[in-house]
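First the proteins, then the strands, lettered A, B, ... as listed; each starts at 1.
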Protein chains: 2
Amino acid sequence: MRRMTARPANAHQARLLRLLRDGGPNSRAQLGDQIDLSRSKLAVEVDRLLETGLAVADGLAASRGGRRSHNIRLAPNLRFLGVDIGATSVDVAVTNAELEVLGHLNQPMDVREGPVVVFEQVLAMAAKLRASGLAEGFDGAGIGVPGPVRFPEGVPVAPPIMPGWDGFPVREALSQELGCPVMVDNDVNLMAMGERHAGVARSVGDFLCVKIGTGIGCGIVAGGEVHRGVTGSAGDIGHIQAVPDGRPCACGNRGCLEAHFSGAALARDALEAAQQGLSAELAARLTANGTLTGVDVAAAAAAGDAIALGLIREGGNHVGQVIAGLVSFFNPGLVVIGGGVTGLGHTLLAAIRTQVYRQSLPLATGNLPIVLGELGQNAGVIGAARLISDHLFSPA
Amino acid sequence: MRRMTARPANAHQARLLRLLRDGGPNSRAQLGDQIDLSRSKLAVEVDRLLETGLAVADGLAASRGGRRSHNIRLAPNLRFLGVDIGATSVDVAVTNAELEVLGHLNQPMDVREGPVVVFEQVLAMAAKLRASGLAEGFDGAGIGVPGPVRFPEGVPVAPPIMPGWDGFPVREALSQELGCPVMVDNDVNLMAMGERHAGVARSVGDFLCVKIGTGIGCGIVAGGEVHRGVTGSAGDIGHIQAVPDGRPCACGNRGCLEAHFSGAALARDALEAAQQGLSAELAARLTANGTLTGVDVAAAAAAGDAIALGLIREGGNHVGQVIAGLVSFFNPGLVVIGGGVTGLGHTLLAAIRTQVYRQSLPLATGNLPIVLGELGQNAGVIGAARLISDHLFSPA
DNA sequence: GGAACTTTCTCCTCTCGCAGGACAAAGATG
DNA sequence: CATCTTTGTCCTGCGAGAGGAGAAAGTTCC
């Protein structure tokens, strides 16, 4: 199932491919407006893209008052695979070259079972998507994993919640299995890239993307580029101290943000409240499902349950407190909140906003939107597709 | 006193100028090793630099086993002015094109007197340096101010400790007065650039530079570039909450880092301890000088005074706590501690290290040096010279 | 001191990328 | 249908720059 996709031969072609990816079909003339090249040179490069099959002609463009131009678009059969591995579930999606999601699968999964088991599942899901006629094969794949990654090699390093993954050559192994180029990154970074490509962060160069799921992480985008840090662990804010001498955390310290607010902490707090009979709503849900998750808390809060609302508010205060510090430090132009707890919605957002606007200096917060991500489940997989397309749409 | 210095005509010349700035005199052959150009092209560009007077021939280079080459160096009469405006004093220095400090003046000053008064003093100091024969004129000047700066325009914005400076066109005004190009930046960013150019951070691409003086700030370098944030206030960590419900701060909140540890806070704590008779050492210094500063605390600590040591340790803990969070977030390759309190030395450093190494995850701290800056007073002015030289040594 | 080898510098030529103009094609306008 | 505008194609000429030949200047070893 190996596909021999061509690569751009020079920086101009790479530039054109990105324009077509981000702007959709475009006429030669429109491309000329966006790129600083003479018409002759542009024609040559576009022709080469058509020759190599990376782009195709696609009907006539709308007239701009004179001769009508033919549209150029990226090859419609190009397919990227986006994989977003979480702690307890995995998302796999197929996109076209414009990074539109054509098909999306989500399945529960346990990352602790190790890379071999997980990738078996991922490959099966990819095969299913292919079998459904969405793709003949994949031209590239982006993989997000919930832990630090040595980016150039595509290898997880010392991931706390992923025992058995340390040093596993994800990039190499999957490239072998899928028969296409693969890039690997932290799941939070991919979410940030996704929101930047197609979500709320379009056209924002410096922003933070806080993902609150089983754990808490933060994607950092500076000058349009993801900042990964020297060991790939940048954005690992789950173990910043939020409460002095607070709850013990799995990492060995006390008061870590993640110990006080995250999907896992929220579920535990809800369970406790239900068992102590503090909340009828939560208790009912516990007996109904046998367990409680963030979703239950969200539902209880929506139903007006005071305890659930209190838990969300308190958690939001803690997250907001940490974010306030990061805002002072980083001075972003936008803060995006995403991840599993997005369901907690505006109660959470309000708590976070309150803390940030109160604690950071006016200059930093004056024009700082704090918003929920708008791509939801798709953010990670779109970011993954974006990652590999950035790689493929660059000079060889 | 206007000087009509030439600018590099293209990217190659700019590249060469930077190589000569950072590497000192070099033969054509050595330059050829560091730049990817054919010998003929290199010769042409070097000749043009010699023609325009930006570089000069300078004797014979050491032999590398064959014909000896003539050295090329930057014009020896090029002069940059580096100005580092603090809260209570100002540093002005002259450097040559290689950014070596040829002369340095430091004077007390009160930034609250406003830009007009301060710049009168700065210009007088610059004139003094010029009169002493160090410079015939200045080819460029870098200015550091203790507050946020809208970088492209070189204008301070809403600086908390600099009333009267908000919106003052520093760049334009000084460019007029000095008759040369001027760039303006936050003083902490310049300190970071200084340590990167000639100090401990040489060859480190991602690091943090924490400056503890009257206030506290942090220079952020990511991928070799200073990160300034969307409003120029990045690195403003003085008002991150270090102690929940802690001391009231001038900003209106409670528990800000700056309220608990900074030159100002330390002096106040020392005064209190002396007045309460807790420390004989500090009390003696108080009666001797009539006031106490960080220097007194440092001296008392050096003499073994328990209270002084305690103050430093406690402050270091607070700073360390905040830095620990930033390290988790940013994952730098180095942390530099600098500014006025460097005199507190290893007691402070030990406290900071303890906190950071204990609170951040091993992956982020595993190979993370935390060190004192090595340029001291010179860091800011060297960074300022670096700033303007980066500007001038880039294609026009 | 001399022969052989290295390194450096200069000059010359050849190639290639690319801009920009001329012109043709195709459509819009009235 | 005449005219104007936009788009596509072809051609020429310029300039950047690579790379080779050879001269100049040193070093090393016998």
Side-chain angles (χ1 to χ4, degrees), chain A residues 6-20 23-74 394-396, chain B residues 6-20 23-52 54-74 393-396:
Chain A
R7 290 281 293 275
N10 59 43
H12 297 312
Q13 291 183 24
R15 192 75 204 288
L16 287 170
L17 290 173
R18 288 168 188 227
L19 282 176
L20 291 171
N26 258 282
S27 70
R28 286 161 133 92
Q30 283 174 306
L31 289 173
D33 294 343
Q34 299 171 68
I35 203 172
D36 192 31
L37 278 179
S38 67
R39 276 202 309 249
S40 38
K41 179 62 180 164
L42 176 70
V44 169
E45 297 298 353
V46 169
D47 285 346
R48 284 195 193 139
L49 288 180
L50 295 177
E51 266 172 45
T52 56
L54 278 166
V56 297
D58 180 46
L60 287 169
S63 169
R64 296 201 292 184
R67 172 176 176 176
R68 293 178 67 189
S69 183
H70 286 266
N71 262 335
I72 307 292
R73 60 171 299 176
L74 290 173
S394 63
Chain B
R7 289 281 293 275
N10 59 42
H12 297 312
Q13 290 182 25
R15 194 72 206 288
L16 287 169
L17 290 173
R18 287 168 189 227
L19 283 176
L20 290 171
N26 258 282
S27 70
R28 287 160 131 93
Q30 284 175 304
L31 289 173
D33 295 342
Q34 300 170 69
I35 204 171
D36 192 32
L37 278 180
S38 68
R39 276 201 309 262
S40 36
K41 180 63 181 161
L42 177 70
V44 169
E45 297 298 354
V46 169
D47 284 347
R48 284 193 193 141
L49 288 180
L50 295 177
E51 265 171 45
T52 56
L54 278 167
V56 297
D58 180 46
L60 288 168
S63 168
R64 294 201 291 185
R67 174 176 174 176
R68 294 177 67 189
S69 183
H70 287 267
N71 263 335
I72 307 292
R73 60 171 299 177
L74 291 172
F393 292 171
S394 63

Using the closest heavy atom to pick a nucleotide of DNA chain C for each, name whichever of L42(A) or G66(A) lands nearer the 5' end.
L42(A)
Rounded to whole Å, please give me the gap between CG in N26(A) and C1' in dT7(D).
15 Å
Between D47(B) and R28(B), is the closest basic N to carboxylate O distance under 4.0 Å?
yes
Between E45(B) and R39(B), name the one whose nearest nucleotide on DNA chain D is closer to the 5' end.
E45(B)
Quick one: label A43(A) by what it contacts on the DNA or RNA (base, sugar-phosphate, nothing), any heavy atom closer than 4.0 Å.
nothing
Run the salt-bridge test on E45(A) and R48(A) with the 4.0 Å N-O cut-off and return the result as yes or no.
yes
Should H70(B) be listed as having a side-chain N or O under 4.0 Å from OP1 or OP2 of dC9(C)?
no
To the nearest angstrom, how far is H12(B) atom NE2 from dA16(D) atom C1'?
8 Å
Please determine if R15(A) and D36(A) form a salt bridge, counting it only when a charged side-chain N lies under 4.0 Å from a carboxylate O.
no
Rounded off to whole Å, could you give me the CZ-to-C1' distance for the R48(A) and dC16(C) pair?
11 Å
Given that D36(A) and A29(B) both sit by DNA chain C, which one's nearest nucleotide is further toward the 5' end?
A29(B)
Just to confirm, is there a sub-4.0 Å distance from OP1 or OP2 of dT7(D) to any side-chain nitrogen or oxygen of R64(A)?
yes
In whole Å, what is the span from the CG atom of D33(A) to the P atom of dG8(D)?
11 Å
For P395(B) and A14(B), work out which heavy atoms get closest and say how close.
CD-CB, 3.8 Å
In whole angstrom, what separates Q13(A)'s CD from dC18(C)'s C1'?
15 Å
Rounding to a whole Å, what distance do you find between N71(A):CG and dT7(D):C1'?
13 Å
Indicate, with a heavy-atom threshold strictly under 4.0 Å, whether S40(A) touches base, sugar-phosphate, or nothing.
base
Separation between CD of Q13(A) and CG of L54(A), rounded to the nearest 0.5 Å
7.5 Å
Once hydrogens and angles are ignored, does a donor-acceptor distance under 3.5 Å link the base of dT7(C) to the side chain of R67(B)?
no
Does R28(B) reach a base, just sugar-phosphate, or nothing at all? Heavy atoms under 4.0 Å.
sugar-phosphate
Nearest-Å distance for atom pair NZ/P, residues K41(A) and dC11(D)
17 Å
Whole-Å distance, L31(A) CG to dT6(D) C1', equals 16 Å
